[in-house]
Amino acid sequence: MVPLRFLDSGEAMLVVEFGATIDAALNERVLALDAAMTRAAIPGVIETTPTFRSLAIHYEPLIVDRKRLVARILDLEAEAETMVRSARSWVFPCCYEPPHGEDLAEVAARLALTPERLVLLHTERALRVHMYGFSPGFAYLGGLTEDLAASRRAHPRPPHPADAVMIAGGMSAIAPLPMPTGWWVIGRTPERVFAPRRDPAFLVAVGDEIRFEAIDAATFTELSRRAAAGEPVARVGTRR
Amino acid sequence: MNPALRILAAGPGATVQDAGRPGFSRWGVTGCGAMDPVALRIANRALGGGEDAAAIEIPLGGLEVTAESEALDVAVVGGDFDVRLDGRRLPGAVALRLAPGARLAIRAGASGAFAYLAVAGTLDVPAVLGSRATHTRSHLGGLDGRMLRAGDHLAVSRRREVVAVPAAIEAAALAGESGPVRVVLGPQADHFEAEEIAAFLSRDWRLSPRSDRMAYTLDGPPLVLARGHDIVSDAVTHGAIQVPGSGSPFVLMADRQPTGGYPKIATVIGADLGRMAQIRPGEPVRFAAVPLEAAVAARRLREERLAAPVRLVPLVRSDFTTADLLGLDLVSGVVDARTGQGR
């Protein structure tokens with residue numbers, strides 16, 4: 001295993017780097033250390049940010065000094081390897097039909113697939129939330145088949161709808177807040193991935209799995225109405 | 001009617017800010033909060049309140065406010081802004097009682113890019129994910145997640161009376177540091193050749209007009225990246241200096257995204273984030289590298305200075321004439337109580 005690198009971004013953020021690539025095994029180590037750090041609740045640690053390949057630790061150096069922090073992290077990393085991380089497995093309804101799958105036909109043509117085939121490929125595997133970033137609730141989903149590895153758009157498209165389901169750069173994503181994007185919008189989920197006034201505000205944890213389930217436009221409308229009323233419309237089970 | 005601050009005029013970019021929204025970066029939520037955290041804390045301390053309380057952040061476009069229904073005690077702290085009460089010039093760091101109908105105008109002054117208007121009481125906007133800080137890009141916090149504009153009312157609850165007479169604010173932490181902005185090299189300094197790092201540290205950069213709460217772009221000859229300009233996205237922090245393919249570095253500020261995909265040559269130390277924020281577009285800036293231990297020491301010194309008492313020096317004894325003082329309505333508490341009953 002590649003040894004950990006400790007990189008400082010100023011005196012209040014320490015990056016624990018596991019590697020330099022997007023890789024499920026690296027991400028698994030990041031998430032294991034993240035879970036161990038959360039359990040350890042080290043005084044002076046403000047929050048941790050898991051990403052594809054590193055765990056950022058935001059800390060107050062006047063409470064916990066770097067040397068002590070690094071020592072704790074090395075201990076926790078050794079323990080984390082043997083820990084079982086809890087993760088959930090979600091089924092998210094997704095409507096790929098018009099008007100929701102805005103870019104479906106265009107990106108299917110680029111991938112030399114029929115839209116039907118693209119939907120089948122997108123729904124057949126469970127994807128994993130590798131990290132959040134970019135904007136609140138923007139979830140990067142790994143594990144996509146290479147057949148769906150469309151490159152990003154050369155120029156961003158106008159803002160996507162709320163709770164858009166997208167693909168680009170070999171990944172999929174769910175994006176709650178409308179923003180201009182270089183990704184391809186292939187569908188939309190009626191579930192509210194992020195609702196600032198709901199508890200919990202975010203449904204899906206980093207490391208959870210998501211499988212999409214195709215629904216028609218009428219079902220989307222119905223589920224969207226129920227989601228707006230506060231009813232959960234994504235289903236969850238325990239993976240392990 | 002409940003006491004409130006009423007916005008009479010607002011330049012672009014005035015928002016409600018507090019110490020920020022930590023704890024949600026794992027969900028893609030930006031930390032946001034005050035661009036100059038030290039100024040926010042002193043403004044709140046001057047009024048005896050919790051130092052991380054929400055206040056109004058005022059950029060170069062300025063702000064004009066009045067009190068509604070009841071007088072409000074307020075403090076202004078930040079860059080050297082032009083502060084006027086009903087047209088009369090006040091010091092740039094000042095606490096005063098704002099009577100209903102009185103007009104407090106805060107405009108860009110000699111220097112500095114942000115001032116904070118704190119209120120003795122609670123700015124009654126809902127906390128979202130534990131903070132009242134506005135993040136306009138994701139429409140979170142503050143007043144409906146947006147910039148303030150003329151006509152807005154900001155209700156104030158738990159109003160306190162703390163400023164009997166207008167007073168200049170004196171605080172050890174207001175003492176301006178000078179010299180280059182201090183940075184710790186990294187976390188991706190190894191993406192740059194030694195001479196590029198030397199160039200970054202020796203160059204006179206100029207703050208680009210394309211600078212905002214999200215990032216301060218540095219204009220100057222571009223830097224060369226030895227190992228390419230893309231890294232796999234990882235977490236970023238306030239003050240991290242990213243270098244994209246164009247070679248023009250940009251400093252990530254309060255509204256940064258929580259993750260980024262460009263190499264970070266260096267990170268501005270915590271103690272100098274406020275000073276960095278107060279640089280105006282067009283002004284020069286230089287950077288100096290310090291060891292991590294020095295960054296921690298500077299952080300400790302900042303906290304010691306902030307812990308020192310914030311003094312309110314009544315303007316009665318200083319630079320204001322009797323006529324000015326009458327104009328400032330030093331007996332406003334009495335007057336307000338009387339007129340207040342008539343409402």
Side-chain angles (χ1 to χ4, degrees), chain A residues 5-23 26 30 34 38 46-58 60-62 65-67 129-140 175-179 193-194 196-197 200-206, chain B residues 21-31 126 128-130 135 137-141 145 182-190 231-241 252 257-261 264 266-273 290-300 302-303:
Chain A
R5 292 177 79 204
F6 291 93
L7 306 173
D8 295 289
S9 191
E11 80 282 12
M13 187 171 99
L14 180 64
V15 181
V16 186
E17 195 174 274
F18 291 82
T21 55
I22 299 178
D23 174 285
L26 280 184
V30 172
D34 179 51
T38 303
I46 296 159
E47 63 179 309
T48 52
T49 318
T51 68
F52 296 120
R53 57 177 181 107
S54 67
L55 185 69
I57 295 159
H58 302 261
E60 174 48 67
L62 302 183
D65 74 35
R66 185 188 188 277
K67 203 185 236 175
V129 181
H130 275 317
M131 63 179 278
Y132 283 85
F134 185 62
S135 67
F138 188 109
Y140 291 87
L177 300 181
M179 301 262 175
V193 185
F194 168 46
R197 307 205 184 288
F202 299 92
L203 283 185
V204 183
V206 178
Chain B
R21 187 171 280 116
F24 298 91
S25 68
R26 64 172 52 246
W27 309 105
V29 178
T30 288
V128 179
L129 303 176
H135 187 230
R137 199 163 166 275
S138 55
H139 314 292
L140 287 182
R182 292 166 291 180
V183 298
V184 172
L185 291 178
Q188 279 90 35
D190 60 353
I231 60 171
V232 173
S233 280
D234 72 349
V236 299
T237 192
H238 193 168
I241 303 174
L252 296 171
Q257 292 171 4
T259 55
K264 296 162 281 288
T267 306
V268 176
I269 70 169
D272 283 357
L273 287 174
V290 299
L292 198 71
E293 298 71 33
V296 175
R299 193 179 184 93
R300 185 168 287 118
R302 179 192 67 182
E303 292 306 310

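Only a predicted model underlies this, so the values are computations on that prediction, with no experimental measurement involved. Convention: sequence-line order gives letters A, B, ...; per-chain numbering from 1.
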Kindly compute the distance separating CE (A:Met179) from CZ (B:Arg137), expressed to the nearest 0.5 Å.
4.5 Å

Top contributor to chain B interface from A:Val206, A:Thr49, A:Leu177 [non-hydrogen pairs under 4.5 Å]
A:Thr49

Could you tell me whether A:Glu47 and B:Arg26 make a salt bridge, using a distance below 4.0 angstrom between a side-chain N and a carboxylate O?
no

Mind listing the closest non-hydrogen atom pair of A:Gly10 and B:Val184 along with its distance?
CA-CB, 4.2 Å

Is there a side-chain contact between B:Ser138 and A:Pro136 in this structure, where contact means two heavy atoms from C-beta onward sitting under 4.5 Å apart?
yes

Mind checking what makes ring-ring contact (aromatic ring centres under 6.0 Å, His included) contact with A:Phe202, not counting sequence neighbours?
A:Phe194, B:Trp27

In terms of heavy-atom pairs under 4.5 Å with chain A, which of B:Gln257, B:His139, B:His135, B:Gln188 leads?
B:Gln257

Name the region of B:Asp272, side chain, backbone, both or neither, that has any atom closer than 4.5 Å to a heavy atom of chain A.
neither

With heavy-atom distances below 4.5 Å as the criterion, would you say the side chains of A:Met13 and B:Pro187 are in contact?
no

Only distances under 3.5 Å count here; give the side-chain donor-acceptor pairs of residues 234-241 of chain B to other protein atoms, sequence neighbours excluded, each with its distance to 0.1 Å.
{"from": "B:Asp234", "atom 1": "OD1", "to": "B:Lys264", "atom 2": "NZ", "distance (Å)": "3.0"}

What part of A:Ala201 gets closer than 4.5 Å to chain B, counting heavy atoms only: side chain, backbone, both or neither?
side chain

Please flag which part of B:Glu293 lies under 4.5 Å from any non-hydrogen atom of chain A: side chain, backbone, both or neither.
neither

Let me confirm one number: the CZ-CD distance from B:Arg300 to A:Glu11, rounded to the nearest 0.5 Å.
11.0 Å

In this structure, OG of B:Ser233 is separated from CZ of A:Phe134 (nearest 0.5 Å) by 10.5 Å

Pairwise distance OG1(B:Thr259) to CZ(A:Phe52) - rounded to 0.5 angstrom:
8.0 Å

Below 4.5 Å from any heavy atom of chain A, which atoms of B:Ala271 appear? Answer side chain, backbone, both or neither.
backbone

Of the backbone (N, CA, C, O) and the side chain (C-beta and beyond), which part of B:Ser25 lies under 4.5 Å from a heavy atom of chain A, both, or neither?
both

The reported gap from OG in A:Ser9 to CG in B:Leu252 (rounded to nearest 0.5 angstrom) is 8.5 Å

Examine whether an atom of A:Val129 lies under 4.5 Å from a heavy atom of chain B, and if so say whether it belongs to the side chain, the backbone or both; otherwise answer neither.
neither

Which bit of A:Thr21 is near chain B, if near means a heavy-atom gap under 4.5 Å: side chain, backbone, both or neither?
backbone

